[in-house]
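To keep things clear, I will list the structure first and then write my remarks on it.
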Amino acid sequence: MARKILCVAEKPAIAKSVAQHLSGGQVTTRSITGNPYVKNYDFDFNFGPPWGNCSVTMTSVLGHLTELKFPAQYNQWHSPPPWSLFDAPVEDVVNQDKKAIADNIAQQARYSRALFVWTDCDREGEHIGSEVRRAAFQGNRSLEVKRAQFNNTERAHVVRAAQNAINLDERQVNAVAARIELDLRIGYAFTRFNTLTLQVMGGDLSERVISYGSCQFPTLGFVVDRYFRVKNFVPEKFWSIKVMHLRDDMEVTFSWRRHRLFDRVSVVILFERCLTARMAKVTKLQKKPTSKWRPLPLTTVELQKLGSMYLRMDSQRVMKIAEDLYNKGWISYPRTETDSFDKGIDLRILIEKQVQDNAWGPYAQGLLAGGFKWPRSGRNNDQAHPPIHPVNYVSLAALSGDDRRVYEFVVRRFLACCSEDAKGESTIVEIEYGDETFFTNGLIVLERNYLDVYPYEKWTSSQPLPRFNMHETFEPTEANITEGETTAPGYLTEPELISLMDANGIGTDATMAEHIAKIKDREYVMTQARAGGTAQANSTNGRGGRGGRGGRGGAQGGSNAGNGGGGGSVQQFIPTTLGVALIEGYDGIGLETSLGKPFLRKEMEIKMKEICAGTKSRHDFVQETLEQYREVFVRTQQQVGVLRAACRKYVFGDQP
DNA sequence: GCAAGGTC
């Protein structure tokens, strides 16, 4: 065997399954000294030209290998002063707990011709690849470095990746290197500044760390923003017209096309015209097929949102359980942005494994017997992992409490994805009455399809509608003016917060739950059960004037959550006085790029993409961004009184 | 005593 090649994956599980596939099962496993998780796998593989048949050692890291740090002379908080961290030297060091892993790589590199990087195909993965390269060069400077491109560990795909390796993408490496540097400098500088300038105010502020992070602050900002919208909400009166008609012992309520108006006099005038007209006329009678779309393949963000909505677990708990289920081999990798299945994956085999279950087995059987439909494709693909799906069957009896509920959700969601949409027939009856238009909807659910295996969503037939004829006229049984008042939105719930973070590029699928936990831990926010225990998100905003059958039907792809089991009430986020003071303080500094808003972080994300596209250099990006934050820093220092005033007002309750 | 990002 002429050549030896070293392969390094991002995590042990990938190293193991890639080794299995490439070796065809002929593999020797060795433990390494100093780390219980990482293993070395030895086998032979033919990489094709120019490498040919090689002896391979496949190993892994555990995520990032190195960490960026300030030198020891910057360890004190007071001096050198916080602002010096903007251009202090930084050094890239191997974490103490990763030392053994780096040494293993260096050692294995010593007799290798080439290093093949098998980290995840995303930006962070590319950077981890560069960290691996550095470790390998410690053992062998003349190593050739290649990168395997793969986004799942299906056998043929892995073999193809091994035989078509490319080079590391230095642009992606640079983009991440810049992010790491910026997060470190800015995070440390503002954390020290906040803590030092506010702790001298004493009292409740004297002992705490008042951290700033490019993700934690915008996350807090969302919570505070909603809090003020609730607090400052002024109810507004509105009026509407409701028409009722009794026919064949069925009572129909027609809703007003205008929905509602905020001016009573206008409504009275329009209403009187209706009464004067006396007769209503059917102007539209439409029956049409409608459907409720089956869900998309499951991503991490969606799992976290729905876990909170359907299972009443906070996002950190859901992720912890999902990781557990993954490590035990029941479900696929739980951190993914991908919401479409690769054409290469054999979904039927995965469905077959679920046939043995008592609860959903028969449904899975039905899919195999002809009900199967290839899942919808969403727009997101991280090019690294497939959507979350069950990979092996485990009986619910073998799982405990919350594990059971998460596994069941993942399975049902997967089976629902592979099903037909629910089908129904919707009827719209529209009438003209005076100068106004009113309508009513009817819905008959004809085929439940995916809903049979996915009880988390509800779609039910409405009360039957009596028969109407086109152009017929009739005198409505009753018509009156209804009155209502807009209601305040609720405080932010976890699914809403995750949606906001996702939409604004705050954190990644793997870290969103951590940022939320962090601002709780720092006592910037607290959670509280929503009074009344109603399940739904907010937006009960002004339903006052709507009548009976309105609003049903045709809820395509909407997120109408059923309560889907899992009692308890929704948790909502309320900022503490400190949380409010920080956001209001920073907003009060008067820069449009307040640290409490997501804009700066969003801009960072855009510029990282530019680096990856080759239209911006790492150096320019770092300098520009540091300049932006330095300006915020200087202004904040000058106007530290504003920040302190906000703390006096909220934390100490002083009257301004 | 500080960040965010990987993963166990």
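Naming: A, B, ... by sequence-line order, numbering from 1 per chain. The analysis underlying the following values was restricted to heavy atoms, covering all of them including side chains, and did not include hydrogens, waters or symmetry mates.
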Under 4.0 Å: is that the gap between some side-chain N or O of [X] and OP1 or OP2 of [N]?
{"X": "A:H515", "N": "B:dG5", "answer": "yes"}
{"X": "A:T511", "N": "B:dG5", "answer": "yes"}
{"X": "A:T195", "N": "B:dC2", "answer": "no"}

Position toward the 5' end of DNA chain B (nearest nucleotide), A:Q199 or A:G507: A:Q199

Most 5' of A:Y326 and A:R179 on DNA chain B, judged by nearest nucleotide: A:R179

Closest non-hydrogen atom pair, A:S112 against A:L143: O-CD1, 3.3 Å

A:I388 versus A:P334, closest heavy-atom pair with distance: CD1-O, 3.5 Å

Flag if over 12 foreign heavy atoms under 6.0 Å of CH2, A:W77: yes

A:K16 atom NZ, neighbour heavy-atom count above 12 within 6.0 Å: no

When all nucleic acid strands are considered with a 4.0 Å heavy-atom cut-off, which category describes [X]: base, sugar-phosphate, or nothing?
{"X": "A:R522", "answer": "sugar-phosphate"}
{"X": "A:H127", "answer": "nothing"}
{"X": "A:E67", "answer": "base"}
{"X": "A:Y212", "answer": "sugar-phosphate"}
{"X": "A:L68", "answer": "base"}
{"X": "A:K98", "answer": "base"}
{"X": "A:N194", "answer": "nothing"}
{"X": "A:T119", "answer": "nothing"}
{"X": "A:P12", "answer": "sugar-phosphate"}
{"X": "A:Y333", "answer": "sugar-phosphate"}

Residue A:R601, side-chain atoms from C-beta onward, closest of B:dC2, B:dA4, B:dG6: B:dA4

Check: A:Y74 ring centroid to A:Y188 ring centroid under 6.0 Å: no

Provide, to the nearest angstrom, the distance between the [atom1] atom belonging to [X] and the [atom2] atom belonging to [N].
{"X": "A:R335", "N": "B:dA4", "atom1": "CZ", "atom2": "P", "answer": "17 Å"}
{"X": "A:E323", "N": "B:dG6", "atom1": "CD", "atom2": "C1'", "answer": "11 Å"}
{"X": "A:N35", "N": "B:dT7", "atom1": "CG", "atom2": "C1'", "answer": "11 Å"}
{"X": "A:L595", "N": "B:dA4", "atom1": "CG", "atom2": "P", "answer": "12 Å"}

Is_stacked (A:W77, B:dC2) at 5.5 Å, 30 deg: yes

